[in-house]
Every structure is written in structure tokens, then in C-alpha cells.
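Note that the coordinates shown come from a computational prediction; the quantities given were computed from them, not determined experimentally. Each ligand, and each atom within it, is numbered from 1 in the order the structure gives.
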Amino acid sequence: MDKILVTGGLGFIGSHTVVELQNEGYEVVIIDNLSNSSIEVLDGITAITGKMPTFEKIDLKDKLEVENFFQRHNDVKGVIHFAASKAVGESVNEPLLYYENNISTLVYILKELKKLPEASFIFSSSCTVYGQADELPITENAPVKQAESPYGNTKQIGEEIISDTCKVTPSLKAIALRYFNPVGSHESAKIGELPIGVPQNLVPFITQTAIGLREQLSVFGDDYPTPDGTCIRDYIHVVDLAKAHVIALGRLLKNKHKSNYETFNLGTGTGSSVLEVINSFEKVSGKKLNYKIVGRREGDVISAYADTTKANNELGWKAQLTLDDAMRSAWKWEQIAKGR
Ligand code: WQD
């Protein structure tokens, strides 16, 4: 089976995607610089699939290292590119760190793929490119809006770099996957989300509060123009998301693509409010969550959820797991990881 490079393959979404790639029979090589992940994830992946992926600790900012990797692995047929910094708040304070890490690494990888007779490239993008969309649910044709953060800007710029490169490189086939909100963990609880420090995202903060790592969850505002006043998001189970990557890669490897640069929204198509997520967690865990309503968080959009028609029809993919499934698996992972 084809050899696939997964950059950032020890990260949250990357590790779940490696599992699904191995389940599909691909040979996987992971590059990760361990800046936001840990080497134990490799054991978790191996424990699930029974196969240890090849791992190389490389910082993709090192151009020569990237060139050297592709010389040694000139049989790579596809790349799924997760490696990037992704903390919205941090990107506001450290813009150059984000532009260097998220943009230069993408350029170095694309330069190597241009040299190959044929290459398939899957890019980890984000619904953040839409900002606050004017119409809901959000389709892929929704206008890309002024980014709310340098992080979001790097995703927009990344998509443009890929699109421009594909226009002049017929041998390069690419898909940008625009994730909504990835949550949950693999059912085995051998891999999951490993936020470093205080979690920025809702679900890990919920599970860390429930297990006693955090005192109380702050709900950022309940005065939004939504049914219960809290923001609405499209929470997609990370295993559904991982499976979509394998399907998108297969589309390119089998030349089923309609153009050599495509974008797909990956969400459930259902919006859930913060309070609905909390209720789901309390239901599946049987625990009462300690939270309080505080002021709004700067930069939050009111509501974002996907129109999944294109992914359903073109990829033949549809999210199968529910918000309750995601909360149940996130809680199971927190209890086991905490015990770690
Ligand atoms: C979800 C909702 C918060 C924490 C971000 C990135 C996006 C993507 C996913 C990378 C919001 C509320 C949160 C808390 C809260 N990341 N919340 N208390 O902001 O939708 O998306 O993560 O690709 O690019 O922007 O996710 O989980 O931070 O917030 O009330 O302690 O939960 O206000 O309404 P977000 P989130």
C-alpha cells in the first residue's frame, strides 16, 4: 500500500488520522517536532492498530531537513499536513511565531512535492476562515472573511499558497479540509486530546473541571442572540474527522477529484450551544459540572455550523458519531489520561 507522510502525526487530529490510515492499510511515516505532542502517543497508536508507524523527529522549519527527508523517502505518495501552531490567543501575542511556523513549513513541503512526478496533499484548514458567516449553515462558497487572528490568517494564506501552486503544477493534487470543532477521543481511550497547560478549548476544559484539575468552567457569555444566549458551534467527533481525511486522500490517489484544488467543510451540520455541550457532558458522565457565566471572549463568533452537502455528495462521507458519543469518549479519555 502507498506510503503516506503525516506531519504533526502525534497531535490530536493527526494521531487519530494515523490510526485510520493504518486501518486502511497505508504505510505511515510521521514527522513531528514534539513541540505540542508527546512521544507516548506513538505507543497509543501502536496499541490500537498493532503496527508502529515510522516516526522521525524533524522540525519542518529546517528547510534542509525537509529536503533530506524527501530524498530518503522519495516513494511518498501523499502528505497529510497537520503540523502547525493552533492556539488562537497565542497567535495574537506571537504573530511572527505563527507566520514562520505555519507558512514557511507549508512552502518547504510544497517545494518538495513539486519535484515528484505526482503528489496528493491534504491540508488541515479551519472553519475559522469564514469568520462570522452571514448565512448559516456555512457552505464552501461562503466568503472568506478578514481573519480574526494571525492563526486564522495563516489558514487563509495557506489555502491561497496551495491554490496558487496547484494552478501551475498539474502533478500536484490538493484538498483543504475546513474543520469545525474537533472533539472527543478514540473509543479505546489510548489516544486523545492532550492540551498543554490551561486548555483554551471548551471540551478539554469541561473534562478537566469534572475530574478536578480545574476549579470551575467559565462560560464566556450568555447574552448572544441565540436560543439560550451562548455561542453555537459544530462539534465533530475526531474519529469522524480522521475518517474524512482517509477518504479525501483516497479521492486524490484514485484521481476522483474534479479539480486539482478542492475545499470541503467537515462538520456534523448541527449546531450546539455551550450550554447544550455542558448538558450533554452531564448526561453521559452523570456528573454535575461546576461552571459560571462570565463576560464574552474577544473574537468569538456567535454561531458557526457546517453545510455538509458537498462532503456528503462528493466524498461520500457523513459524520456518524453524536455529541453524546464525543462527550462520553472525552470523559473516558480524561479519566484514563488523568490516571496516567
Ligand atoms: C467553543 C465555544 C467559547 C472555552 C477554536 C479555534 C478554531 C479551532 C477550534 C483550530 C466558544 C466557549 C470555550 C471556555 C467557553 N481550532 N468556551 N469557555 O473558539 O470555536 O474554535 O478551536 O483549528 O480555529 O478558533 O473553540 O472550544 O475555544 O470555544 O465558554 O473555557 O466554547 O466562547 O463559544 P472555537 P473553543
Share the residues that join L96 in a hydrophobic cluster, the rule being Ile, Leu, Val, Met, Phe, Trp or Tyr side chains under 4.5 Å apart at the heavy-atom level.
none
Hydrophobic cluster (4.5 angstrom, side-chain heavy atoms) - remaining members for L136
V129, Y130, I138, V144, F180, I232, Y305
For N312 and T309, which I'm curious about, is there any donor-acceptor pair between the side chains at under 3.5 Å?
no
Heavy atoms of T7 and V79 approach each other most closely as CG2-CG1, 4.4 Å
Applying a heavy-atom distance cut-off of 4.0 Å, which protein residues contact ligand 1?
V88, S126, T128, Y151, N181, Q200, N201, L202, L217, S218, V219, F220, C231, R233, Y235, V274, R297, D300
Sequence neighbours excluded, every pair satisfying salt bridge (charged side-chain N to carboxylate O under 4.0 Å, His left out) that has a member inside residues 143-155
D134-K145
Under 3.5 Å donor-acceptor, T165 side chain and I161 backbone:
yes
